[in-house]
Amino acid sequence: MVDTAQRETLGFQAEVKQLLHLMIHSLYSNREIFLRELISNASDACDKLRFEALSDPALRENAEDFAIDVEIDESAGVIRISDNGVGMSRDEVISNLGTIARSGTAHFLTQLSGDARKDAKLIGQFGVGFYSAFIVADRLEVTTRRAGLADDEAVRWVSDGQGEFTVEPATREGHGTTVELHLKEDAKEFAQAFRVESLVRRYSDHIAFPVRLAEAGKDERRAVNTAQALWTRPRNEISDEEYTEFFKHIAHDAEVPLAWSHHRVEGTREYTALMYVPRRAPWDLWNREAPRGLKLYVQRVFIMDDAEQFLPLYLRFIRGVMDSAELPLNVSRELLQKDAHVDAIRKGLTRKVLDMLEKLAADEPEKYQQFWREFGEVMKEGLAEDFANRERVAALLRFDSTANDSAEASVSLDAYLERRKEGQKPIYYLLADSPEAARASPQLEMFRRQGVEVLLLTERIDEWALQHLSSFRESELLDIARADLDLEALGGAEDGLDETREQAYAELVSRLKKTLEGRAADVRVSRRLTDSPSCLLLGADDPGIQMRRILEATGQPVPDTLPILEINPSHALVRRLEGLDDETRFTDLAHLLLDQARLAEGRQLKDPGAFVQRLNRLLLETVG
């Protein structure tokens, strides 16, 4: 009999209430996922106890081998999932079942589309898999005892998913957890033996522990999964469906992965790895401090969930397992950082991931394009982080280009080199804030006239990344917005101005320099403009617009540099300036010339009010 004085009724965290409402009323399209999620949780609990028992064998309490039991009572409409894993204490029950990490819940809820089928696929990715039980059940009872605690220190958690739950003392023989679901009337099918067995075989066949099925009133418990770690089996014995279901288990992702690599290394280093490329980016991809890495096993014994030491940070989206025969069972994160075996394995796994991506790009370009849309920006970090594989990473990059009809980043550096003009050596690129700003940039005018392709780099990381890639396949990468760009190699002077004509505009250039002092580092006649009146150039060491914004966002000091203004003397506005004696109008036009060049490349005006006043004066003169 439970002491009601020790029973406590608590309210769910606000986000959990919202989530429970969603589970109960909306997500009917794929209700069977609840069983996959609960069995995965049970498997994780067994893994964790097996690991903790390495340092404290008494936690096992002389228990039998780990197993997961699914008991069904069709007449009562009840299904129970039990494990002999690590279990939970009272505090852990309240923490784990009454609240969800706020960051994960908030992102889960913001990702919801309103489409029940699509929303169901999000379950599990944000640590909310347990609550999927409320899709099929109107009441949940969880009885659990933490390994190491006494039988009478177990805890019972009960909820109908309506906003509150109760926690009370209980008794449980043996450590572990039992989740009891009282099924809704329209979900009684999940208490049928054939239905449960088919779902276990479909979703949980790869679980490394036996999943045993029992029916109420029968003593028989029969294993319904193969209970063999998938990665230990030969590749030719594993179907694509099995690989896919294993990915869904370890990544808590309902979608089919884009690619996977399963290999075993023997000899000096002995390990097995199974790695996947997900179809979608995780919500916390840009949080470099978020847990990441492969599941680490040593001789098939689970060690840790997020072993980040085996892949570089720019490959943090890779999911999978790594099983080593060499590392000690008591390995810690600190030891992993100092182990020579780990460094060798890291190099090998990194090469395998790059092999996998290269194969995907060559054999299935459409899939690779999907990968690039999800993970392209992260891959660019590899230029700075992986010097040994920099050329291979660079070959995997994709960019927008003036040769593209759309703004899709689909051009590789190799493709650029294959179709560059005869005699052209460098790879030319332009940095901009958006595809629209890049395509409208006056910097491109001479390149279009000469038929030279230019890569358009519009992602926030591009300028920083390319600081670490000065050349590719012996071809230099050059920013066309730099003042020191050699235009002679492109024939930029053959239709442009010779020194004599430049001298003819020396007086205008001098007046502009004086007028724009403090706003422009220099003014000069352009050889690159054909249609626009002006453009801005950067000094050789000046940060571009993307780098300036990165520095500002991170609170670092931004160098106070001035742009170089180039003018097109063939343009009517510049010719008007040349013969203008009214100093006030000359000053207004000169500043407008500079400001419109700033706007054309996506920069913000430091004094938009002054710009509007000058523009209004000129408009009044025009209409007056």
*Do E566 and R527 pass the salt bridge (charged side-chain N to carboxylate O under 4.0 Å, His left out) test, and can you show the C-alpha distance, the side-chain angles, and the key distance before you say yes or no?*
CA-CA 9 Å; E566 278 199 352; R527 296 185 177 187; over 6 Å; no
*Decide side chain to side chain contact (heavy atoms under 4.5 Å, CB included) for F375 and L315; before the verdict, give the C-alpha distance in whole Å, the side-chain angles of both, and the deciding distance to 0.1 Å.*
CA-CA 9 Å; F375 304 107; L315 297 178; over 6 Å; no
*Would F472 and D414 satisfy side chain to side chain contact (heavy atoms under 4.5 Å, CB included), going step by step from the backbone distance to the final call?*
CA-CA 9 Å; F472 177 76; D414 281 316; 3.4 Å; yes
_Please determine whether side chain to side chain donor-acceptor pair (under 3.5 Å) holds for the pair Q309 and R346, giving the CA-CA distance in whole Å, both sets of side-chain angles, and the decisive distance to 0.1 Å._
CA-CA 7 Å; Q309 294 82 0; R346 176 189 176 101; over 6 Å; no
_Does I318 form a side chain to side chain contact (heavy atoms under 4.5 Å, CB included) with L349? I'd like the steps, not just the answer._
CA-CA 11 Å; I318 295 293; L349 293 182; over 6 Å; no
*Would you please test E245 and R36 for salt bridge (charged side-chain N to carboxylate O under 4.0 Å, His left out) and show each step?*
CA-CA 10 Å; E245 291 304 327; R36 178 193 72 196; 5.7 Å; no
*Between E308 and R316, is a salt bridge (charged side-chain N to carboxylate O under 4.0 Å, His left out) present by the stated rule, with each step listed?*
CA-CA 8 Å; E308 61 188 35; R316 58 185 174 273; over 6 Å; no
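The main-chain N or O of H468 is found under 3.5 Å from a side-chain atom of R390 such that the two form a donor-acceptor pair. Side chain of D253 to backbone of E255: a donor-acceptor contact under 3.5 angstrom is found. In this structure, Q443 contributes its side chain and L536 its backbone to a donor-acceptor pair below 3.5 Å. Judged by distance alone, the side chain of R482 and the main-chain N or O of G539 form a donor-acceptor pair under 3.5 Å. No donor-acceptor pair closer than 3.5 Å links the side chain of R511 to the backbone N or O of A506. A distance-only check finds a donor-acceptor pair linking the side chain of E463 to the backbone of M547 [under 3.5 Å]. With hydrogens and angles ignored, the 3.5 Å screen pairs a side-chain donor or acceptor of T402 with a backbone N or O of V454. Side-chain atoms of R519 do not come within 3.5 Å of backbone N or O of L594 as any donor-acceptor pair. In this structure, E445 contributes its side chain and L529 its backbone to no donor-acceptor pair below 3.5 Å.
Listed by chain and number, the residues in a side chain to side chain contact (heavy atoms under 4.5 Å, CB included) with D363 are K359 (sequence neighbours excluded). Residues forming a ring pair (Phe, Tyr, Trp, His ring centres under 6.0 Å) with F247 (at least two apart in sequence, or on another chain): Y276. Looking at residues two or more places apart in sequence or on another chain, you find a side chain to side chain contact (heavy atoms under 4.5 Å, CB included) between A361 and Y368, R398.
When every heavy atom of D400 is checked against every heavy atom of A407, the shortest pair comes out as OD2-CA, 3.6 Å. Contact between A590 and L512 at its shortest, heavy atoms only, is CB-CD2, 3.5 Å. Scanning all heavy atoms of the two residues, the minimum distance from A540 to D484 falls at CB-OD2, 3.5 Å. In this structure, W372 and M379 approach most closely via the heavy-atom pair CZ3-CB, 3.9 Å. In terms of heavy-atom proximity, R292 sits nearest to D306 at O-CB, 2.9 Å. A483 approaches R524 most closely through the heavy-atom pair O-NH2, 2.7 Å.
Counting only heavy atoms from C-beta outward, the side chains of L469 and V393 never approach each other to under 4.5 Å. Residues L230 and L274 meet the side-chain proximity criterion, which asks for heavy atoms closer than 4.5 Å. Between L551 and P557, every side-chain heavy-atom pair lies at or beyond the 4.5 Å cut-off. In this structure the side chain of H263 reaches within 4.5 angstrom of the side chain of M275, judged on heavy atoms. Between R614 and L589, every side-chain heavy-atom pair lies at or beyond the 4.5 Å cut-off. Inter-residue side-chain proximity for L431 and L466 is flagged as unmet; no heavy-atom pair is nearer than 4.5 Å. Side-chain contact between Y429 and D479 is present, with at least one heavy-atom pair separated by less than 4.5 Å. With a 4.5 Å cut-off on side-chain heavy atoms, Q424 and Q450 do not count as touching.
The distance from atom CG of L294 to atom CG of D323, rounded to the nearest 0.5 Å, is 11.5 Å. In this structure, I564 CD1 and D542 CG are separated by 7.5 Å, a value rounded to the nearest 0.5 Å. If you take CG on L360 and CZ on F371, they are separated by 8.0 Å, rounding to the nearest 0.5 Å. Considering CD1 of I461 and CD of Q546, their distance stands at 10.0 Å, rounded to 0.5 Å. Between the CE atom of M446 and the CZ atom of R449 there is a distance of 6.5 Å, given to the nearest 0.5 Å. Rounding to the nearest 0.5 Å places NZ of K425 at 12.5 Å from CG of L478.
Checking each of R448, R419, K421 against E453 for a salt bridge (charged side-chain N to carboxylate O under 4.0 Å, His left out) leaves exactly one that passes, namely R419. A side chain to side chain contact (heavy atoms under 4.5 Å, CB included) with F399 holds for exactly one of N404, L456, L413; it is L413. For the side-chain hydrogen bond (donor to acceptor under 3.5 Å, both in side chains) test with R392, the passing option among D355, T350, D386 is D355; the others fail.
The environment of R617 atom CZ is dense: over 12 non-hydrogen atoms of other residues, nucleotides or ligands sit within 6.0 angstrom. For CG of N616, the number of neighbouring non-hydrogen atoms (other residues, nucleotides, ligands) closer than 6.0 Å is greater than 12. Within a 6.0 Å radius of CD in E241, no more than 12 heavy atoms belonging to other residues, nucleotides or ligands are found. By the neighbour-count criterion of 12 heavy atoms within 6.0 Å, atom CD of E517 is sparsely surrounded, having that number or fewer from other residues, nucleotides or ligands. Within a 6.0 Å sphere centred on CG of D405, other residues, nucleotides and ligands contribute 12 heavy atoms or fewer.
Ring geometry, F246 versus W231: the interplanar angle falls from 30° to 60°, so the pair is classed tilted. Ring-plane geometry between H252 and H249 is classed as tilted, the angle between the planes lying from 30 to 60 degrees on a 0 to 90 degree scale.
Every pair passing side chain to side chain donor-acceptor pair (under 3.5 Å) that includes a residue from residues 556-565 is listed here, sequence neighbours excluded: R548-T561, T554-Q556. Sorted by first and then second residue, the pairs that involve residues 436-461 and meet ring pair (Phe, Tyr, Trp, His ring centres under 6.0 Å), not counting sequence neighbours, are Y428-F447.
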Run the side-chain donor-acceptor check on residues 572-580: report pairs under 3.5 Å with partners two or more places apart or on a different chain.
{"unit_1": "R575", "atom_1": "NH1", "unit_2": "S570", "atom_2": "O", "d": "2.4"}

